[in-house]
Structure formats: structure tokens, C-alpha cells
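Below: one structure in C-alpha cells.
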Amino acid sequence: MESILVFIICAALAVFGGMTLSQNFLNTVDNGSNGLLAMEQTQVNILKTNLSSIGATSLSSSLVDVTLKNSGQIKLADYNKWDVIVQYTDVNSIKQVKWIPYTSGSPGNNQWTVKGIYLDAGSLAPEVYDIGILNPGEEIVLETKLDPALHDGSANVISLNTPNGVSVTTIFSGP
């Protein structure tokens with residue numbers, strides 16, 4: 001009789017332990033598959049995102065306008081999460097490499113802002129849909145203020161990176 005009682009207790013523990021292990025295994029598989037789905041969605045967004053450089057112009061010794069076109073299929077916003085890196089020669093002929101943070105108003109020294117979003121930046125035709133969001137086919141003009149100022153006639157590079165890892169680089173010259 002005692003051996004039957006021990007057998008029943010051991011069997012119950014084995015069943016309970018097996019159920020716990022299988023539940024943990026299923027949770028692990030579920031978490032792994034959710035992670036793979038998230039990675040796949042990120043990859044799809046990267047493949048559907050594309051920015052084209054239309055050009056960059058130095059308006060003065062410290063102001064640079066960069067015009068980009070959203071030639072992808074994804075809307076872009078969250079400008080405070082974009083990275084802008086400028087490599088330039090300053091007025092003292094010193095090479096500068098700077099990460100420039102975003103500001104929503106007029107840019108201060110070593111800041112950038114969205115000057116405007118347009119259907120066509122060349123003709124200044126304003127956007128008409130999703131104001132403030134860079135939709136596919138629209139163009140954006142970014143204004144960057146650099147300190148110290150640019151060296152006259154210097155060759156410079158500005159790179160912009162979106163939060164999902166897509167980047168565009170353009171070359172511009174000092175005033």
C-alpha cells in the first residue's frame with residue numbers, strides 16, 4: 001500500500017514537472033518567434049525606406065541647407081531621432097566632425113531644423129497631406145547652423161541617418 005502511495009505522488013510530480021517544462025518551452029518558442037517577426041518587420045521598413053539627396057547649399061559661412069527627397073515607400077517623421085553628422089573645414093582651416101542635434105525652432109549654433117517640407121522644394125510648392133510628415137515623393141529642406149563657420153570654398157560632407165538605419169550623404173562647398 002505504501003508503494004502505491006509513493007508511486008501516485010511520484011507520478012503526480014512527474015506530470016506536474018512535465019507540464020511546467022512544456023509551458024516554459026512553449027513560452028520560449030513564442031518569445032523567439034515574436035522577436036523574429038519584429039526583426040522581419042524592421043528589415044521590411046529598412047528596404048522600403050529611401051532618401052535621395054537633391055543637394056546642399058551653404059547660404060552663409062554658418063548656414064547650410066540640405067534638400068532630400070523621400071524616394072521610398074515609408075513616411076518619415078520623429079526628426080528628433082534623426083542623426084546629422086557634418087564633416088567640414090572651419091574658418092581657421094581646422095577639420096571639424098560634429099553630430100548636430102535637432103531643434104524644432106530656429107537652429108542655434110551646431111543645431112539643425114526642418115526648414116520646410118514640399119511637394120517640390122525647387123518651386124517651394126508646399127505639402128498638402130500629413131503636414132509635418134515627410135511622405136513618399138515629398139522633399140524636405142533641413143537648415144543647419146555650424147559654429148565655427150565654414151572656410152570659403154572648402155569641400156564638406158553632411159550625412160543624415162533615419163531611426164531605422166537608412167542614411168544619405170551629400171557633399172557641399174563653403175560659401
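Excluded from the calculations below are hydrogen atoms, water molecules and symmetry mates; all remaining heavy atoms, backbone and side chain alike, are included.
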- Message: Just checking Lys98: does its NZ atom have more than 12 heavy atoms from other residues, nucleotides or ligands closer to it than 6.0 angstrom?
- Response: yes
- Query: About how many Å separate CG of Leu21 and CG of Leu26, when rounded to the nearest 0.5 Å?
  - Reply: 11.0 Å
- Work out which heavy atom in Asp90 is nearest to a heavy atom in His151; give both atom names and the distance. O-CB, 3.1 Å
- Task: Return each pair, listed once, that meets ring pair (Phe, Tyr, Trp, His ring centres under 6.0 Å) where at least one residue sits in residues 7-46; pairs must be two or more places apart or across chains.
- Result: none
- Message: For a quick test of reading the model, state the closest non-hydrogen atom pair linking Lys145 to Pro107 and the distance between them.
- Response: CD-O, 3.6 Å
- Query: Can you name the residues that form a ring-ring contact (aromatic ring centres under 6.0 Å, His included) with Tyr79, not counting sequence neighbours?
  - Reply: Trp82
- For residues 122-132, which residue pairs qualify under salt bridge (charged side-chain N to carboxylate O under 4.0 Å, His left out), counting only residues two or more places apart or in two chains? Lys75-Asp130
- In chain order, what residues pass the side chain to side chain contact (heavy atoms under 4.5 Å, CB included) check against Thr57, with sequence neighbours excluded? Leu59
Acceptor/donor pairs from residues 167-175 side chains to any protein atom, 3.5 angstrom cut, sequence neighbours excluded:
{"residue": "Thr169", "atom": "OG1", "partner": "Ser159", "partner atom": "OG", "Å": "3.1"}
{"residue": "Thr170", "atom": "OG1", "partner": "Ser53", "partner atom": "OG", "Å": "3.0"}

- Message: Test of understanding: with side chain to side chain contact (heavy atoms under 4.5 Å, CB included), list the residues that count as partners of Ala149, not counting sequence neighbours.
- Response: Ser61, Ser62, Val91
Only distances under 3.5 Å count here; give the side-chain donor-acceptor pairs of residues 32-39 to other protein atoms, sequence neighbours excluded, each with its distance to 0.1 Å.
{"residue": "Ser33", "atom": "OG", "partner": "Val29", "partner atom": "O", "Å": "3.3"}
{"residue": "Ser33", "atom": "OG", "partner": "Asp30", "partner atom": "O", "Å": "2.9"}
{"residue": "Asn34", "atom": "ND2", "partner": "Asp30", "partner atom": "O", "Å": "3.4"}

- If every non-hydrogen atom of Leu150 is compared with every non-hydrogen atom of Ser60, which pair is closest and at what distance? CD1-O, 4.2 Å
- Query: When hydrophobic residues are tied together by side-chain contacts of less than 4.5 Å, even through go-betweens, does Leu124 share a cluster with Val141?
  - Reply: yes
- Closest approach of Leu51 to Asn70 (non-hydrogen atoms, all atoms of both residues): CD2-CA, 4.0 Å
Taking distance alone, no hydrogens or angles, what donor-acceptor pairs closer than 3.5 Å link side-chain atoms of residues 110-117 to residues at least two apart or in another chain?
{"residue": "Asn110", "atom": "OD1", "partner": "Asp147", "partner atom": "N", "Å": "3.0"}
{"residue": "Asn110", "atom": "ND2", "partner": "Asp147", "partner atom": "O", "Å": "3.0"}
{"residue": "Gln111", "atom": "OE1", "partner": "Gly108", "partner atom": "N", "Å": "2.7"}
{"residue": "Trp112", "atom": "NE1", "partner": "Ile100", "partner atom": "O", "Å": "3.2"}
{"residue": "Thr113", "atom": "OG1", "partner": "Thr103", "partner atom": "O", "Å": "2.9"}
{"residue": "Thr113", "atom": "OG1", "partner": "Gly105", "partner atom": "O", "Å": "3.1"}
{"residue": "Lys115", "atom": "NZ", "partner": "Asp65", "partner atom": "OD2", "Å": "2.7"}

- Given Val84 and Tyr102, is the side chain to side chain contact (heavy atoms under 4.5 Å, CB included) satisfied, shown in steps? CA-CA 8 Å; Val84 174; Tyr102 170 78; over 6 Å; no
- Task: Enter the distance from Ile140:CD1 to Leu76:CG here, rounded to the nearest 0.5 Å.
- Result: 8.5 Å
- Message: Between Ile158 and Thr144, is there a side-chain heavy-atom distance shorter than 4.5 Å?
- Response: yes
- Message: Considering only residues two or more places apart or on different chains, which pairs with a residue in residues 122-143 satisfy ring pair (Phe, Tyr, Trp, His ring centres under 6.0 Å)?
- Response: none
- Note on the structure: CD1 of Ile133 to CG of Asp78, rounded to nearest 0.5 Å, is 9.0 Å
- Message: Restricting to side chain to side chain contact (heavy atoms under 4.5 Å, CB included), what partner residues turn up for Val15, sequence neighbours left out?
- Response: Met19
- Message: To the closest 0.5 Å, what do you measure between CG (Leu63) and CG (Leu146)?
- Response: 8.0 Å
- Applying side-chain contact (heavy atoms from CB on, under 4.5 Å) between Tyr88 and each of Ser154, Pro148, Ser58, report the one that passes. Pro148
- Task: Could you list the residues that satisfy side chain to side chain contact (heavy atoms under 4.5 Å, CB included) with Asn31, not counting sequence neighbours?
- Result: none
- Query: Just wondering, do Glu138 and Leu119 contact through their side chains at under 4.5 Å, heavy atoms?
  - Reply: yes
- Applying salt bridge (Lys or Arg N to Asp or Glu O under 4.0 Å) to Lys95 and not counting sequence neighbours gives none
